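One structure below.
Note that the structure is predicted; figures quoted are calculated from it, not measured. Every chain is numbered from 1 and lettered A, B, ... according to where its sequence line falls, protein lines coming before strand lines.
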Amino acid sequence: MNACTVWSSKTRGISFFHSLLSSYNGSQNAKWPLAIFRQLLNANENPDDLTFALLIKAFASSFSSDAYSSAVTELQVSQVQTQLVRRGINQFVYVNTALLDFYMKLGLTTNARQLFEDMPCRDVVSWNALICGYSRNDYGNVALGLFVQMLREGFRPDHATIVGLAPACGRFELILQGRSLHGFGIKAGLGFDGQLKNALSSMYAKCENLEASELLFEEMSERNLVSWNSMIGAYGQNGFLEKATICFKEMLNGGLRPSPVTMMSLLSANAAPESIHCYIIKCGMTNHASVVTSLVCLYTRQGLTHMAELLYKHLPTNNLISLTAIMSSYAEKGDMKSVVEYFIQTQQLDLKLDAVALLSVLHGIINPAHFAVGRAFHAYGLKNGLTTDGLVTNGLISLYSKFDEIEAVSCLFLEMSYKPLITWNSVISGCVHAGKSSEALDFFCQMKKSGQKPDAITISSLLCGCSQLGYLRTGQTLHNYVIRNNVEMEDFTGTALIDMYTKCGRLDYAEKVFDSIIDPCLATWNSIISGYTSYGVEHKAFSGYNELQNQGLQPDKITFLGVLSACTHGGLLCEGTEYFRIMMEEYGLMPDLQHYACMVGLLGRAGLFHEAVEFINNMKIQPDSAVWISLLSACSIHQEIKLGECLANKLFFMDQRNGGFYVLMSNLYAIVGRWDDVARVRDMMRDSGGDGCSGVSCIEVTSIEDLNNNLGTNGVYLNTDTMHY
DNA sequence: AGTTCTGTTC
């Protein structure tokens with residue numbers, strides 16, 4: 001069939017046009033359905049309900065985001081709707097439903113809703129189209145609300161209603177609603193066929209209830225391609241690559257041919273990208289944009305950015321998802337230069353970043369030098385309406401708090417109408433991160449007043465704030481809250497508690513908390529080890545190091561920092577040197593500046609100045625002022641004036657802000673009785689505007705009775721009246 | 001003649 005046939009069809013009657021429309025399968029020119037319709041009007045034929053039903057179906061099947069810009073399509077659909085109303089066809093429920101569904105497929109939920117409201121009568125299918133449409137367009141809550149409304153108005157939901165709603169429950173991890181839906185289906189006596197079981201099975205998988213989803217899969221009498229794909233996806237999403245692979249092989253043994261979705265499910269399971277890549281080539285799917293996109297994503301996820309870029313260059317269509325994946329992998333490395341290069345590419349391709357893309361860019365801004373770029377992206381988000389997205393706002397809050405811009409954080413926060421828990425958490429942890437823990441506690445009080453309940457993340461951030469401020473009582477109150485409300489104790493909370501107690505002077509409490517944790521993770525071990533170190537209980541720090549390895553854990557850089565500083569404190573040269581060797585040779589961990597500083601201090605305290613200097617000269621990274629200061633500190637112990645003066649000179653030019661060396665130098669001169677020099681250094685210190693990092697003391701003034709009274713009733717209330725000196 | 005299940009970027 002071609003255009004000429006249409007043009008020469010003047011006297012063939014309406015049924016001819018109907019057969020033309022129904023033979024359209026979507027792979028031909030997307031403009032044809034409308035061209036046929038115009039031709040029909042030119043031939044003075046009277047379109048009836050069937051004509052419109054066929055036209056909408058053909059139109060819908062021609063639709064794909066690549067073929068049509070949705071703005072053009074929207075205009076054309078509304079023209080069709082006008083015709084439909086003018087000819088009185090809108091009395092037919094099924095035609096309206098077809099149109100409603102098409103609006104939903106275009107993502108035009110408002111048009112679809114208006115049409116639904118205007119419909120003279122509705123049936124179960126129109127309700128289904130509306131509900132499933134909202135569900136597909138990520139309005140899960142609206143879809144669920146309409147389900148209830150549908151019941152109230154006396155309609156009986158069927159098969160399709162449940163099948164359409166299940167994915168919404170899955171996407172938002174609404175396990176309770178999902179299970180109710182399942183229960184509703186059973187009570188309503190709906191037959192559970194393969195399609196319904198597929199929908200429920202993947203809903204359970206997304207809600208992390210893999211057992212339920214396996215059960216449904218196993219009791220299926222016939223498994224179609226979608227069933228297998230869902231199960232492969234279910235295993236993949238829950239981190240069972242092995243099972244996903246076995247499932248894939250079983251599917252092949254059953255004689256089914258994998259579809260593009262099969263490949264994408266395997267890719268999302270984090271399979272080896274190379275082998276799936278081969279399979280994709282063998283199956284001839286290299287031109288399938290979504291498959292290649294998934295492959296790009298997998299390569300980036302595994303850090304093989306270069307492969308992803310190569311693949312992207314050969315992608316049949318430019319797409320935002322691939323670009324987002326590549327940008328985010330650069331962002332993860334903090335390589336903003338490459339991120340911006342790719343951003344420019346998106347602009348040249350006339351692609352607009354979406355919330356996910358913007359969020360991944362924001363994640364990459366760690367370096368203060370890139371802060372201005374971050375603000376530019378904030379502006380981009382504002383201009384493109386992305387800042388209404390809660391996730392983006394959270395991303396911005398973390399961005400500004402990373403650079404201690406608490407005022408900006410407060411502004412962003414106040415502008416949010418709905419504040420979910422994650423937002424409160426972002427703000428609180430942001431303040432703590434910026435060293436403004438009192439503000440964090442203020443926000444926490446507001447949070448309690450607004451009725452929001454804290455979770456383990458909130459509590460951990462606040463505990464970290466208490467450690468910074470030395471607020472033992474507040475920390476204890478939070479500890480009480482953890483116990484009374486069964487906040488998940490292990491890992492984060494436990495670690496934060498131990499850290500708080502050690503930093504607030506109660507090693508004994510820290511030990512009690514540690515002993516109560518059944519299976520401490522590495523971070524928890526690290527915090528108790530560092531605790532022992534700072535209290536000078538070296539032998540316990542070392543036995544912690546041994547014990548964690550007996551539990552099958554591997555020490556990391558922080559563990560080694562703990563034991564190394566224990567050695568420095570205790571002047572244990574041999575042990576320190578050995579730990580340093582083990583760290584590098586047995587665990588392949590590159591020392592950071594702090595590890596180097598420990599070793600320099602250790603050598604210095606042992607009086608091995610020559611070795612210490614040589615050690616610094618052989619460092620793999622540029623030594624910072626802390627490394628030199630730890631040597632200078634050793635000089636004052638050993639009264640090593642000459643080297644000390646030399647170091648002070650060096651430090652003076654290196655790090656103006658760090659005034660610690662003035663103090664060290666003056667101590668050094670004092671020890672050997674060079675009082676003139678002491679006075680000279682003190683003058684220099686005054687001239688440079690203090691020592692640059694004056695200490696601040698603060699006393700916690702909280703009424704413990706108040707706190708406890710409130711604990712019993714509304715949970716925690718914190719009085720953060722504090723006095724700063 | 002209208003509705004429904006599986007997949008990609010955080």
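Nearest to the side-chain atoms of A:T97 among the listed nucleotides B:dG2, B:dC10, B:dT4 stands B:dG2. The nucleotide whose nearest atom lies closest to any side-chain atom of A:V261 is, among B:dT9, B:dT6, B:dT3, B:dT6. The A:C132 side chain lies nearest to B:dT4 when the options are B:dT4, B:dG2, B:dT9. In this structure, the nucleotide among B:dG7, B:dT4, B:dT9 sitting nearest to the side chain of A:V163 is B:dT4. Listed nucleotides: B:dC10, B:dT3, B:dA1. Nearest to the side chain of A:S360: B:dC10. Here the nucleotide nearest the side chain of A:S126, chosen from B:dT3, B:dC5, B:dG2, is B:dG2.
A ring-centre distance under 6.0 Å is not found for A:F92 and A:F52. Taking the six-membered ring wherever Trp is involved, the centroid distance between the rings of A:W228 and A:F248 does not fall below 6.0 Å. Not less than 6.0 angstrom separates the ring centroid of A:F403 from the ring centroid of A:H433. Between A:F371 and A:Y400, the ring center distance clears the sub-6.0 Å criterion.
Taking atom CG of A:L190 as the reference point, atom C1' of B:dC5 lies 15 Å away to the nearest angstrom. The distance between atom CZ of A:F147 and atom P of B:dT4, rounded to the nearest whole Å, is 17 Å. Note: OH (A:Y94) to C1' (B:dT3) measures 15 Å, nearest angstrom. Straight-line distance from the CG atom of A:L351 to the P atom of B:dT9: 17 Å, rounded to whole Å. A straight line from CG of A:N137 to C1' of B:dT3 spans 14 Å, rounded to a whole angstrom. Summarising the geometry, the separation between CZ on A:F59 and C1' on B:dA1 is reported as 18 Å, rounded to the nearest angstrom. At whole-Å resolution of the value, CD1 in A:I276 and P in B:dT8 are 14 Å apart. Distance A:R301 CZ to B:dT8 P: 8 Å, rounded to the nearest Å.
Looking at A:S290, its side chain comes within 3.5 Å of the base of B:dG7 through a donor and an acceptor atom. At a cut-off of 3.5 angstrom, the base of B:dG2 holds at least one donor-acceptor pair with the side chain of A:D123.
At least one cation-pi condition fails for A:K197 and A:F217: the charged atom is not both under 6.0 angstrom from the six-membered ring centre and inside a 45 degree cone around its axis.
Checked against side chain to side chain donor-acceptor pair (under 3.5 Å), A:H159 has the following partners two or more places apart in sequence or in another chain: A:D193.
Taking the six-membered ring where the residue is Trp, A:Y342 and A:Y330 present parallel rings, their angle staying beneath 30° rather than reaching 60°.
The residue A:P167 sits close only to the backbone: its heavy atoms come under 4.0 Å of sugar-phosphate atoms, none of a base. Residue-level contact check: A:T293 touches the bases, meaning some heavy atom is under 4.0 Å from a base atom. At a threshold of 4.0 angstrom between heavy atoms, the contacts of A:V292 with the nucleic acid are absent.
Using a 4.0 Å cutoff on non-hydrogen atoms, the parts of residues 213-244 of chain A near DNA chain B are A:V226, A:N229, A:S230, A:Q237, ordered by number.
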All N/O donor-acceptor pairs, side-chain side in residues 320-327 of chain A, below 3.5 Å, sequence neighbours left out:
from   : atom 1 : to     : atom 2 : distance (Å)
A:S322 : OG     : A:N319 : OD1    : 3.2
A:T324 : OG1    : A:L320 : O      : 2.6

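Note on A:K206: a side-chain N or O is less than 4.0 Å away from OP1 or OP2 of B:dG7.
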